[in-house]
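A quick write-up on the structure given underneath.
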Amino acid sequence: MDYITNLFISMKSGMFVTFYIFSITLIFSLVLGIVVAILRLSKLKMVELVVSLYIFIMRGTPLLLQIIFVFFGLPIIGITFDRYTAVFIAFILNYAAYFAEIFRAGLQSIDKGQFEAAKVLGLSRFETYRYVIFPQMLKNILPALANEVITLVKDTALVYVVGISDILREGKIAVNRDATLLPFLVVAIFYAGFIYVLTNLFKNIEEKFEYYR
Amino acid sequence: MILNVEGLIKSFRGQKVLDKVSFELKEGEIVSIFGRSGAGKSTLLRCINGLETIDRGSIKINGEYLYRENENYIEIAKGESLKRIRQSIGYVFQNFNLFPNLTVLDNIILSPVKAYKLDKDIAIEKANNLLKKLNISDKRDCYPYELSGGQKQRVAIARACILSPKIICFDEPTSAVDDEVKRSIADIIMEFKRENIAVLIVSHDKDFSYSISDRIISIEEGKIIS
């Protein structure tokens with residue numbers, strides 16, 4: 001038991017790295033996702049085409065490959081990033097594409113009559129989205145959003161490819177050092193605990209939205 | 001005149017839905033636009049409320065042009081002018097289009113408070129008076145899903161009336177309602193007339209249209225026939 005407790009303490013920095021990558025990616029990809037979703041619904045064909053291509057590339061290739069491309073590939077043409085920046089670029093661009101598709105589906109699920117009612121009532125575009133559309137959209141997309149956020153927690157493990165020491169990498173080091181698989185159990189407990197907290201958080205948010213149908 | 005529609009032409013994919021439609025509406029007048037399904041009556045109402053652009057003609061509401069035909073293009077009202085026009089005209093949708101995430105009260109005061117910057121307390125007081133008048137004061141804090149069809153319609157009417165419009169448009173107000181609700185809608189409409197508010201009704205309910213209207217406009221294949 002002492003060994004496991006010590007492992008938790010020694011892997012603290014790895015846990016922090018995982019949490020850090022998760023948080024930064026989540027915040028920025030959600031914001032970028034909203035922008036991309038609105039652009040994706042643009043009436044300008046060119047904008048819609050470019051955004052669709054971006055989403056296709058992000059969803060059509062593995063995230064691991066995208067991280068490798070940003071960190072190892074771009075320096076070939078003279079664009080260099082440090083490990084963390086490269087990871088954030090790849091993660092944010094990738095997750096923004098997925099979030100954008102969720103937001104787009106959410107926006108399209110709102111009845112056209114809601115937009116029309118807001119329009120005849122004189123609400124501006126911003127007011128329409130702020131008070132009418134987003135609250136309804138959020139309720140519709142919460143389950144899909146929760147799935148994606150949980151996937152993000154586990155995807156953070158991919159940062160090993162550029163040598164960042166997240167929790168999984170630290171676990172592997174401990175396994176090799178101590179010749180036991182117990183560190184992996186600690187890693188599993190960390191991921192499961194993290195996801196348990198997120199699952200409950202989303203459950204609470206979903207319950208908060210149950211005040212209307 | 002509170003509403004002037006002049007030479008209105010509207011097409012969808014090359015097919016004329018409204019063909020040179022012209023009519024006027026006086027203050028306090030109740031006019032029904034009557035016609036079969038697909039005759040273009042709902043499209044006409046949507047054009048008057050700025051939900052559809054028009055191809056030719058003009059629409060003037062309370063002295064300001066919503067659409068005005070210039071030499072080669074249709075000029076559309078913008079900014080403050082559009083806001084004033086929107087304030088002058090209320091629209092009760094066929095399926096009400098209440099905001100499901102807001103209570104009855106919030107549905108009614110959202111526009112005056114957020115779009116027209118009316119003091120919230122004044123807006124609430126106005127909303128309370130309207131709810132009382134429409135006999136749904138007890139539903140003030142309910143969400144739309146908790147209301148019956150007739151109650152939803154009253155909320156939609158209150159929402160359309162809160163800014164004291166000069167015209168109120170009803171799209172098929174009697175579809176899917178029983179006789180009692182129908183009678184209460186007729187009472188509400190007659191009350192508008194007493195307050196000198198013009199009412200424009202689109203309906204295929206001949207009995208209802210004839211019983212409450214000052215004038216009937218019959219429309220067929222996009223043209224006014226009488």
Side-chain angles (χ1 to χ4, degrees), chain A residues 30 33-34 37-38 41-45 48 99 102-146 201-213, chain B residues 42 45-46 48-52 61 66 77 79-104 106-118 141-147 155-156 158-163 165 167-169 171:
Chain A
L30 280 174
I34 293 171
I38 292 170
L41 296 171
S42 167
K43 281 175 187 150
L44 296 170
K45 274 274 158 242
E48 202 242 321
F99 287 140
I102 293 173
F103 291 141
R104 181 186 61 87
L107 282 175
Q108 287 178 330
S109 72
I110 306 294
D111 184 54
K112 203 177 129 208
Q114 295 288 298
F115 289 92
E116 291 184 345
K119 192 173 178 182
V120 298
L121 288 169
L123 295 174
S124 67
R125 217 174 141 82
F126 172 77
E127 287 157 354
T128 303
Y129 277 95
R130 163 74 181 80
Y131 300 106
V132 180
I133 306 303
F134 277 138
Q136 293 182 48
M137 181 192 90
L138 206 55
K139 182 183 166 91
N140 294 347
I141 65 168
L142 269 174
L145 206 60
L201 186 71
F202 272 101
K203 207 174 131 196
N204 282 339
I205 300 173
E206 277 183 45
E207 277 169 10
K208 281 216 166 72
F209 275 94
E210 269 169 21
Y211 66 90
Y212 76 91
R213 276 178 225 151
Chain B
S42 283
L45 209 56
R46 289 174 61 79
I48 292 167
N49 282 277
L51 292 174
E52 301 285 351
I61 295 164
L66 173 62
E80 286 306 307
S81 168
L82 180 62
K83 262 196 152 166
R84 279 194 300 273
I85 291 170
R86 293 229 177 272
Q87 200 173 351
S88 314
I89 186 163
Y91 188 19
V92 181
F93 291 86
Q94 185 176 359
N95 54 357
F96 322 127
N97 288 337
L98 298 179
F99 303 133
N101 57 316
L102 300 179
T103 62
V104 164
D106 288 337
N107 259 282
I108 299 169
I109 66 165
L110 179 68
S111 162
V113 172
K114 299 298 176 192
Y116 292 93
K117 310 296 172 215
L118 185 70
D141 299 316
C142 292
Y143 285 90
Y145 80 92
E146 297 170 290
L147 307 176
V155 176
R159 191 173 69 171
C161 291
I162 185 96
L163 288 163
I167 311 166
I168 294 180
C169 302
D171 192 1

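Given the structure is predicted, the values throughout are model-derived calculations rather than measurements.
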Contact residues of residues 127-137 of chain A (partner chain B; heavy-atom separation under 4.5 angstrom): A:Glu127, A:Tyr131, A:Val132, A:Pro135, A:Gln136
- line: Note: A:Gly122 and B:Ala115 closest approach over all heavy atoms is O-CB, 3.3 Å
- line: Of all heavy-atom pairs linking B:Pro100 and A:Arg213, the shortest is CB-O, 3.6 Å
- prompt: What part of B:Phe96 lies closer than 4.5 angstrom to a heavy atom of chain A: side chain, backbone, both or neither?
  reply: neither
For B:Leu51 against A:Lys119, the heavy-atom pair lying closest together: CD2-CD, 4.0 Å
task: Go through the atoms of B:Phe93 and report whether side chain, backbone, both or neither lie under 4.5 Å from a heavy atom of chain A.
output: side chain
Nearest atoms (heavy-atom pairs only) where B:Ser111 meets A:Leu121: OG-O, 2.6 Å
field: Toward chain A, the part of B:Leu98 with a non-hydrogen atom under 4.5 Å
entry: backbone
query: For chain A, which residues of residues 80-92 of chain B have at least one non-hydrogen atom nearer than 4.5 Å to it?
result: B:Lys83, B:Arg86, B:Tyr91
Can you give each donor-acceptor pair under 3.5 Å made by side-chain atoms of residues 202-210 of chain A, sequence neighbours left out, with the distance rounded to 0.1 Å?
none

- prompt: Which atoms of B:Arg46 come close to chain A, meaning under 4.5 Å heavy atom to heavy atom: side chain ones, backbone ones, both, or neither?
  reply: side chain
statement: Closest non-hydrogen atoms of B:Tyr145 and A:Tyr211, given as atom of the first, atom of the second and distance, are CE2-O, 3.6 Å
- request: State which residues pass salt bridge (Lys or Arg N to Asp or Glu O under 4.0 Å) with A:Lys43; sequence neighbours excluded, sorted by chain then number.
  value: none
